[in-house]
Amino acid sequence: MPAATCGLIGLKPTRGLLPSDGVAALAPTLDTVGLVGRDALDTAYVYASLLSPGSAEPDLPKHASEIEAAVSRSRHWRIASALSADETRNDVLAATTAFEQRLRITTRLHACAAPDLERLNRLAQIVLHVEAAATLAGDVRHELATLAPSTQAIALSGWAIPAIWYRYAIASIEPLRRAFLARHLAGADLFLTPCLPQGVPDRDDVTTTSAGFQPRALAALHRHHAYVNYLGLPALVMPIGIDARGRPISIQALGAPGSEALLLAFAHQFALPFSTILQP
């Protein structure tokens, strides 16, 4: 979401691939170190430098010239798309439709059904709330007033969720990940989803302390992202256009575990340049 609202590249690697030393925990099952960059190549440089020794992927070496060659290499893409499988604002839909048409020139693109967002996101929320409640237990008991209202809402809810719900959510991760990969990525390199189908919202609409706060607008920010953390899959957000209000339009690309180099190569070839986003 930070990348999507700013017209940047956002890479969320496979869970556990990058070390989380020094990162303040919230929900350990979901917490993942990610990167935000102006373009795919910059992001690839930083990503490669953060990989622990021995964990570097064969397609993304450590040296800058080799990284550039790997990301720029010509590929025959097989893309599954669910970009039109949601309630999308007209200007956002026009941009995503145009993007799909551009993809068809150089890729094998086929439409794919959207995942079961309602179920997956419910399970993700259970894990988030329960683990946040445990992580912040001391703060909730002794320093509740020092926590931001949004953090309070996340942590306090976890105390009321039955333990059996949490155990079920955790036990479901692996079978649901296998099912997702079989359904959406069995015959494709990447799976494309909407990012912010209603566009980048006004700040007051999604700020819980604002008089104009709209809970549905805040929920929409998470709709296409929460389940990705839950399944532990790598994902990349990239800009593809500008909406009627001059705000960036982004899409999300998902891959199988360990496909970060592929995601970066896709963004390097197809993302809208950041300089275009900056134009008035």
Exercise for review: Using a strict 4.0 Å threshold on nitrogen-to-oxygen distance, state whether Arg223 and Glu118 make a salt bridge.
Suggested key: yes
Review point. With the threshold set at 4.0 Å, does a side-chain nitrogen-carboxylate oxygen contact exist between Asp243 and Arg89?
Key: yes
Check your understanding: Does Ile249 belong to the same Ile/Leu/Val/Met/Phe/Trp/Tyr cluster as Leu83, with side-chain heavy atoms less than 4.5 Å apart forming each link?
Key -> yes
Practice item. Indicate yes or no for a side-chain donor-acceptor contact from Arg247 to the backbone of Val200 under 3.5 Å, with no hydrogens or angles considered. Key: yes
**Study point:** Passing option when Gln252 is tested against His225, Lys12, His224 for side-chain hydrogen bond (donor to acceptor under 3.5 Å, both in side chains)
**Key:** His225
Check your understanding: For Arg177, does the CZ atom sit with more than 12 other heavy atoms under 6.0 Å from it, leaving out its own atoms?
Key -> yes
Practice item. Might you confirm whether atom CH2 of Trp165 has over 12 heavy atoms from other residues, nucleotides or ligands at distances under 6.0 Å? Key: no
Practice item. Just say parallel, tilted or perpendicular for the rings of Phe180 and Tyr227, cut-offs at 30° and 60°. Key: tilted
Practice item. Identify the heavy atoms of Arg75 and Leu262 that sit nearest to each other, and give their distance. Key: NE-CD1, 3.6 Å
Exercise for review: Would you kindly say whether Gln125 and Tyr230 are connected by a side-chain donor-acceptor distance under 3.5 Å?
Suggested key: no
**Study point:** Interatomic distance, Leu18 atom CG to Leu35 atom CG [nearest 0.5 angstrom]
**Key:** 6.5 Å
Point to revise | Test: Arg245 and Asp202 ion pair at under 4.0 Å | key: yes
